[in-house]
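Following: one structure in structure tokens, then a few remarks.
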There are 2 protein chains.
Amino acid sequence: MATPKDDPSPARRLTPRGTQRRRQIIDLATMRFASDGYHPTSVADIVDGLGVGKGVFYWYFESKEALFEEILREAQKDLRRGQQRAVANTPDPIDRMERGIRAAVHWSFEHRDLAKLVEFAQTDERFAHLVRNGRAALVADAVPLLEEAMVHGLIPPGNPEQLGYAMLGVSTNLTLVYVHQPGQDPDAIADVAADFCLRGIGAR
Amino acid sequence: MATPKDDPSPARRLTPRGTQRRRQIIDLATMRFASDGYHPTSVADIVDGLGVGKGVFYWYFESKEALFEEILREAQKDLRRGQQRAVANTPDPIDRMERGIRAAVHWSFEHRDLAKLVEFAQTDERFAHLVRNGRAALVADAVPLLEEAMVHGLIPPGNPEQLGYAMLGVSTNLTLVYVHQPGQDPDAIADVAADFCLRGIGAR
DNA sequence: CCTCTCGTTGACCGCTCGGTCAAGACTCCG
DNA sequence: CGGAGTCTTGACCGAGCGGTCAACGAGAGG
């Protein structure tokens, strides 16, 4: 039989070969989705690009939509992990935010495809809630830092959630614009973003 | 004959009734594109929603793509006009930027559908260049103001283009997040955006 | 050798898409 | 009235979509 007995999504047992195939699909789909768009990229495009039959796709994923959701979730988780790694062992809240911003800019430069997919997902009702949750998580990481900085008088009082979204907008937009211009140094963009944000919240 | 002799796009002579129909199509399409997405909204959805035959659509527009491009262009032109009206007769560059930011936030609140379409267009290669041009025009408006402010020592030196995109990111992202939460006051969001941006560039 | 599961094939399905077009209705002018 | 635009109809087209499935390898364990 071709179709798996249970849902394909949870707890599929994959051989090393299967795991590899799955990754191939995710990687190629990410590229195609980013360069051509989610809707214009068909499942046939993906499997043809891999030189395999169509059934392979549906052996590893329930649907095109489910694949995209997995890519999205993975991407947002990866960015957040990167941020948390970057701020580890940094007690000062302002320093933590600066490192977080820099980590976000660098992540977007290293994963421009994924960054673009997140941008798209935000505009499609089917996926927007995932992005909202991911963004909210990032802001939720920043809120206690902002509150701490306010209590200690490092920055003037304000609505920490709004400030968080403002900072997110700065790094997102700066990256989006400069990531596709050749010869742009991620460090330079990270400098600008961090400077602007820290001044924006009233530190510096 | 049904198809027009020349290209339908340039210089179609429309009766008042025709002009009205055209607007109906644009307005309904804008709503549907914003709520369901560009690709998932079919031409059939639009004409059915209007209760007319399919040929009507192609009497007024060359293609679905051309319609979307027109909506986009119109939207970006409208925002820019709103900004220019808001800053008229304001000599001080910092004041001008503040008014421009506030105008942008208000425009997005009043035209949430259009704002959403611009967001999407940015992620589709077919339309991205239009958005890039529109964004670049907004930034180009801000650059001389930033330069003037730097020359006069109102703000510290920096790359004005990058600062422009950072400001754009703040208003875009703040608006995007709060425009869909009920009971949000556009003035309050405009306050936050203007504050953050002016501090971000080093005024205040 | 057989067997069991994982992995793969590609023809096929129903459906919807963007777009076309011959035919006809409406409207205004002479 | 007649005729010339403007506008509308809706059946139709070829193409492509996401998704299914019976059948078939491939390789590991017995």
Side-chain angles (χ1 to χ4, degrees), chain A residues 1-26 28-29 32-33 36-71 124-127, chain B residues 1-26 28-29 32-33 36-71 124-127:
Chain A
M1 198 187 295
T3 22
K5 285 120 171 109
D6 304 323
D7 269 321
S9 19
R12 289 293 305 278
R13 285 222 308 274
L14 299 177
T15 64
R17 185 185 164 206
T19 311
Q20 205 175 332
R21 213 8 135 227
R22 202 165 188 281
R23 260 256 77 81
Q24 284 182 359
I25 296 175
I26 290 181
L28 183 62
R32 290 276 201 276
F33 286 159
D36 303 336
Y38 170 75
H39 291 291
T41 300
S42 67
V43 175
D45 286 338
I46 296 168
V47 294
D48 286 357
L50 249 39
V52 300
K54 208 174 197 180
V56 170
F57 184 94
Y58 290 96
W59 177 259
Y60 295 101
F61 300 96
E62 258 185 350
S63 65
K64 187 187 168 190
E65 198 173 322
L67 163 63
F68 189 73
E69 283 178 6
E70 178 169 336
I71 292 174
D124 190 305
E125 272 317 315
R126 266 209 231 65
F127 308 117
Chain B
M1 197 187 294
T3 21
K5 283 116 173 116
D6 304 321
D7 267 320
S9 19
R12 287 294 307 280
R13 287 222 307 276
L14 299 177
T15 64
R17 185 182 161 207
T19 311
Q20 205 176 333
R21 217 4 139 228
R22 202 166 188 280
R23 260 259 77 81
Q24 284 181 357
I25 296 175
I26 292 181
L28 183 62
R32 289 276 202 276
F33 286 159
D36 303 336
Y38 170 75
H39 291 291
T41 300
S42 67
V43 175
D45 287 337
I46 296 168
V47 293
D48 286 357
L50 250 38
V52 299
K54 209 174 197 181
V56 169
F57 183 95
Y58 290 96
W59 177 260
Y60 294 101
F61 299 97
E62 257 185 351
S63 65
K64 185 187 170 190
E65 198 173 322
L67 163 63
F68 188 73
E69 283 179 7
E70 178 169 335
I71 293 174
D124 190 305
E125 274 316 315
R126 269 209 231 65
F127 309 116

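Remember, it's a predicted structure, so these values are computed and weren't measured experimentally. Only heavy atoms go into these numbers, but all of them, side chains included; no hydrogens, no water, no symmetry mates. The chains referred to below are lettered A, B, ... by the order of the sequence lines, with proteins before strands, and numbering in each begins at 1.
In this structure, the CD atom of Gln20(B) is 15 Å from the C1' atom of dT6(D), given to the nearest Å. Rounded to whole Å, atom P of dA11(D) lies 17 Å from atom OH of Tyr58(B). Rounding to whole angstrom units, CZ of residue Phe57(B) and P of dG19(C) are separated by 8 Å. In this entry the distance linking CG of Leu14(B) with P of dT8(D) reads 10 Å, nearest Å. If you take CZ of Phe61(B) and P of dT20(C), they are 15 Å apart, rounded to a whole angstrom.
Put simply, Arg21(B) has a side-chain N or O that comes within less than 4.0 Å of OP1 or OP2 on dT8(D). Contact annotation: Thr15(A) side-chain N/O to dG7(C) OP1/OP2 distance is under 4.0 Å. For Arg17(A) and dA26(D), the shortest distance from a side-chain N or O to OP1 or OP2 is not below 4.0 Å. In terms of phosphate contacts, Tyr60(B) brings a side-chain nitrogen or oxygen within less than 4.0 Å of OP1 or OP2 of dT8(D).
Taking OH of Tyr60(B) as the reference point, atom OG1 of Thr19(B) lies at 8.0 Å (rounded to 0.5 Å).
When distances are taken from the side chain of Trp59(B) to each of dT20(D), dT8(C), dT8(D), the shortest belongs to dT8(D).
Minimum heavy-atom separation, Ala29(B) to Ile71(B): CB-CD1, 4.3 Å. Contact between Glu69(B) and Arg126(B) at its shortest, heavy atoms only, is OE2-O, 4.4 Å.
Residue Val52(B) is classed as a sugar-phosphate contact, given heavy-atom separations below 4.0 Å to backbone atoms only. Using a 4.0 Å heavy-atom distance criterion, Gly18(B) is classed as a sugar-phosphate-only contact.
Interface residues of residues 36-50 of chain B facing DNA chain C, ordered by number: Thr41(B), Ser42(B), Val43(B); criterion, heavy-atom separation under 4.0 Å.
Evaluation of atom-type donor-acceptor distances gives a pair under 3.5 Å for the side chain of Lys54(B) against the base of dG18(C).
When only modelled atom types and interatomic distance are considered, Gln24(B) and Arg21(B) share a side-chain donor-acceptor pair under 3.5 Å.
At least one donor-acceptor pair under 3.5 Å links the side chain of Asp45(B) to the backbone N or O of Ser42(B).
Using the six-membered ring where Trp is involved, Phe33(A) and Phe68(A) have ring planes that are perpendicular, over 60° apart on the 30 and 60° scheme.
The local environment of CD in Glu65(A) is crowded, with over 12 non-hydrogen atoms from other residues, nucleotides or ligands closer than 6.0 Å.
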